[in-house]
Student: 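Here it is, the structure, as structure tokens.
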Amino acid sequence: QVRLVESGGGLEQPGGSLRLSCAVSPFALYDYVFAWFRQAPGKEREGVATIRGRDGFTYISTYPTNVMGRFSISRDTAKNTVSLQMNSLGPEDTAVYYCAATKEEWGKPLPRLQYEFDYWGLGTQVTVSS
């Protein structure tokens, strides 16, 4: 089992930046794939970015959520954390952001969809408003 705890959300002005962090259970980082999803009020949860814990290979969503060039995902193997750096924030980025994880399956494509992930954090609220 993997425990995920998000932090770093808050209120930010349009054009600003926020960095979300997901604390991962010790020793789990290398065996799992991690992702950030977000859910805005009245909308479905959607994927934002994915990273493979083993080697840091990443995927940034371009459809339906296009955050390419603004968001990046990374991992810190020393701190056992997965982070989401969000730049040039706009009101459309307002949502609850969730960290998710699933056991890596060698040879299979990087998981990106909600149903592919087995473990979830409780989420952290990001509000972009002036």
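Bear in mind that the values here come from a model prediction, so they are computed numbers and not experimental data.
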Student: Under 30°, 30 to 60°, or over 60°: which ring-plane class applies to F71 and Y97, parallel, tilted or perpendicular?
Tutor: tilted
Student: Please check if V128 and M68 belong to a single hydrophobic cluster, counting links between Ile, Leu, Val, Met, Phe, Trp and Tyr side chain heavy atoms closer than 4.5 Å.
Tutor: yes
Student: Look at the aromatic rings of F37 and W120 and report parallel, tilted or perpendicular, splitting at 30° and 60°.
Tutor: tilted
Student: Give a yes-or-no answer on whether the side chains of T81 and D76 include a donor-acceptor pair shorter than 3.5 Å.
Tutor: no
Student: To the closest 0.5 Å, what do you measure between CH2 (W36) and CD (E6)?
Tutor: 5.5 Å
Student: What heavy-atom pair brings A101 and L4 nearest, and what distance separates the two atoms?
Tutor: N-CD1, 3.7 Å
Student: Roughly how far apart are R19 CZ and N87 CG, rounded to 0.5 Å?
Tutor: 9.5 Å
Student: Apply the test side-chain contact (heavy atoms from CB on, under 4.5 Å) to residues Y119 and T102: give CA-CA distance (whole Å), side-chain angles for both, the deciding distance (0.1 Å), then the verdict.
Tutor: CA-CA 6 Å; Y119 303 98; T102 188; 5.8 Å; no
Student: With side-chain contact (heavy atoms from CB on, under 4.5 Å) as the criterion, how do I73 and T50 come out once you've worked through the C-alpha distance, each side chain's angles and the decisive distance to 0.1 Å?
Tutor: CA-CA 7 Å; I73 187 171; T50 302; 5.6 Å; no
Student: Taking all atoms of both residues into account, what is the closest heavy-atom pair of Q125 and V96, and its distance?
Tutor: OE1-CG2, 3.2 Å
Student: Rounded at 0.5 Å granularity, tell me how far OG in S17 sits from CD in E12.
Tutor: 7.0 Å
Student: Give a yes or no on whether L110 and Y98 share a hydrophobic cluster (residues Ile, Leu, Val, Met, Phe, Trp, Tyr; joining criterion: side-chain heavy atoms under 4.5 Å apart).
Tutor: yes
Student: Could you measure the distance from the CD atom of E104 to the CZ atom of F34? Nearest 0.5 Å is fine.
Tutor: 10.5 Å
Student: Any sub-3.5 Å donor-acceptor pair from D93's side-chain atoms to G90's backbone N or O?
Tutor: yes
Student: Show your working on side-chain contact (heavy atoms from CB on, under 4.5 Å) between S129 and L11 and close with a plain yes or no.
Tutor: CA-CA 7 Å; S129 175; L11 174 65; 4.2 Å; yes
Student: Quick one: closest heavy-atom pair of R70 and N66, and the distance?
Tutor: NH2-O, 4.0 Å
Student: Could you tell me whether R112 sits above the aromatic face of Y59, with NZ or CZ closer than 6.0 angstrom to the six-membered ring centre and within 45 degrees of the axis?
Tutor: yes
Student: Of all the heavy-atom pairs spanning F117 and L113, show the shortest one and how long it is.
Tutor: CD1-O, 3.2 Å
Student: If you compare all heavy atoms of L18 against all heavy atoms of G10, which two are closest, and at what distance to 0.1 Å?
Tutor: CD1-O, 4.0 Å
Student: Mind checking the CG-OG spacing from L84 to S21? Nearest 0.5 Å is all I need.
Tutor: 10.5 Å
Student: Could you tell me whether the side chain of R45 and the main chain of R38 form a donor-acceptor pair under 3.5 Å?
Tutor: no
Student: Answer with yes or no whether the hydrophobic clustering places L29 together with V33; edges join I, L, V, M, F, W, Y residues whose side-chain heavy atoms lie under 4.5 Å apart.
Tutor: no
Student: Nearest 0.5 Å, please: how far is CG in L122 from SG in C99?
Tutor: 11.0 Å
